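Letters go in sequence order (proteins before strands), and every chain restarts at 1. All figures in this text were calculated on a predicted structure; none of them were measured in a lab.
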There are 2 protein chains.
Amino acid sequence: MKNIQQGFNFALSIDCVVFGFDGSALKILLIERNEDPFKDWWALPGNRVNVDESVDQSASRILKELTGLSDVYMEQFYTFGELKRHPQGRVVSVAYYAMLRLSGEKPLKPLTSFARNAQWVNVNQVPELAFDHQYILEKGLEKIKRRVRHLPLVFELLPEKFTLTQVQNVYELILNKKLDKRNFRKKILSFKVLKELDEKQRGVSFRAATLYKFDKRKYNKLYGKEISF
Amino acid sequence: MKNIQQGFNFALSIDCVVFGFDGSALKILLIERNEDPFKDWWALPGNRVNVDESVDQSASRILKELTGLSDVYMEQFYTFGELKRHPQGRVVSVAYYAMLRLSGEKPLKPLTSFARNAQWVNVNQVPELAFDHQYILEKGLEKIKRRVRHLPLVFELLPEKFTLTQVQNVYELILNKKLDKRNFRKKILSFKVLKELDEKQRGVSFRAATLYKFDKRKYNKLYGKEISF
DNA sequence: TCAAAAGTGTTCGTGGTACACCCATGA
DNA sequence: TCATGGGTGTACCACGAACACTTTTGA
């Protein structure tokens, strides 16, 4: 029997495609690397997995280090295991997508040494990225395009109280196509998981829209885990 | 800058959920382990990834070593990275599902030293499995239940020429529910990716059914990569 | 009073679902 | 001639898609 320790020669990393919605545009989080390889390049937030943490735990930790936020919605979507994707050795990367609301004060604090800077950039204005991160990003986008049709992910991007038009905007940005307003409202309300509030939008110079909340309890009761948006 | 080599301390493995259809039952491939840990237990076919092969390559290699088959349809579906899933150290496993036709002579040849035996077992008669393989199997099943609705996976399980009833059987086994014969035929034919042959079933003691072929070329032309079975 | 977005119904076509009988074949 | 699966059509309903005007509000 061969020495089993020989087999422990991979590095494992996490890369996160972090989506954020600021009220009008769909953004993703990028960091500027401060370390070789790819020093000064933009990259997806990511880091090595520690041996004493699970892959999921690692993903949460890494995101927290870069945004200061915990309890962010994250989901593993693919593992990238090509040879030579990392110049320093065999690094296999498990990719996650994450979704969060961008409130006014974005709590970006790149605490890790290798990141000089973290920034939200518009999904369709992404610069050239380090490693195979361009590819990972594309795959992440494809993935949420599908998942958003079956899971109520968009509410992770929206503030607690939102208008129907905002919901529609998010869907349009993710699916990258215009939707009909009347049909969209009919459909989204037909799921009966949005609670209409007595409150209206404030501070707008036009007719104020009604605010809604996502009723998670009702969603779980009605659909278990699945739906078809 | 810390020594980067310190980070290379993971082992990476592949586990395969291999589905096969023998004409009447949906089966999966199991091996009987001949090595510790879990010596004598049944397990999903799997093995370590070598440092000089990509994760996809590794999956193909491992499956070939166990079945003698190459060019099998395989797709990565999830990466299992919990702590302590392997008693000998930190092993993270990338799981694939595979689909193949079981012809009369099943070319099972467990060439690897750690497997004593390989066997097809009915999906709903699976014994207790080593490691977290029970869990991986469940996730694999869930996955193909979804994917089979959008991708023409079932034809990987069927022989080149098949009857519509066989197609329906496979769907029923995977989705685990009865389907209406007339509706099923209407739907499956409406996609226009099945070519009706001049040939009939032979050697049956009842009315022989018409044989069909999956027209891959037409499928690609019509649907790119997606569909909704 | 104007600009900007909110809010609202109907029609049409398609696709899903439910449902039962006759046909062809080999034993 | 019998047992076994092959093969077929219709009616109803639900849902998706297309489409335009009135209302409210603050500036």
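The nearest whole Å value for the distance from the CZ atom in A:R149 to the C1' atom in D:dC15 is 15 Å. Following rounding to the nearest Å, B:F191 (CZ) and C:dT14 (P) show an atom-to-atom distance of 16 Å. Going from atom NZ of B:K181 over to atom P of C:dA20 covers 14 Å, rounded to whole Å. One can place CG of B:L164 at 10 Å from C1' of D:dG6, the figure rounded to the nearest angstrom. The interatomic distance linking A:F184 (CZ) with C:dA6 (P) rounds to 12 Å, in whole Å. Rounded to an integer number of Å, the gap from A:K178 NZ to D:dA18 P is 15 Å. Atom CZ of A:R207 is separated from atom C1' of C:dA5 by 9 Å (rounded to the nearest Å). Atom P of nucleotide D:dT23 and atom NZ of A:K200 are separated by 15 Å, given to the nearest angstrom.
Contact check, B:S205 against D:dG5: no side-chain N or O comes under 4.0 Å of OP1 or OP2. For the OP1/OP2 pair of D:dG7 and a distance below 4.0 Å, the side-chain nitrogens and oxygens of B:R185 include at least one atom meeting the criterion. The side chain of A:K186 contributes no N or O atom lying less than 4.0 Å from OP1 or OP2 of D:dG16.
Without hydrogens or angle criteria, B:Q201 side chain to B:A209 main chain gives a donor-acceptor distance under 3.5 Å. Side chain of A:E65 to backbone of A:I62: no donor-acceptor contact under 3.5 angstrom is found.
The nearest heavy atom of DNA chain C to A:D180 and to B:A208 marks one nucleotide each, and the one closer to the 5' end goes with A:D180. Both A:N183 and A:F206 sit near DNA chain D, but only A:N183 has its closest nucleotide nearer the 5' end.
Side chain to side chain, B:T165 and B:R185 meet the donor-acceptor criterion of an N or O pair below 3.5 Å. A donor-acceptor contact under 3.5 angstrom links the side chains of B:E172 and B:Q168, judged on distance only.
Residue contacts shown for B:T163 are absent, as no nucleic acid heavy atom lies under 4.0 Å away. If you check every strand for non-hydrogen atoms under 4.0 Å, B:K187 touches sugar and phosphate atoms only. Within 4.0 Å of A:T165, counting heavy atoms only, lie sugar-phosphate atoms of the nucleic acid but no base atom. In this structure, B:S190 reaches neither bases nor backbone, as no heavy-atom distance under 4.0 Å exists between it and the strands shown.
For an aromatic pair to be called close, the ring centres must be under 6.0 Å apart, and B:Y96 with B:F77 fails this.
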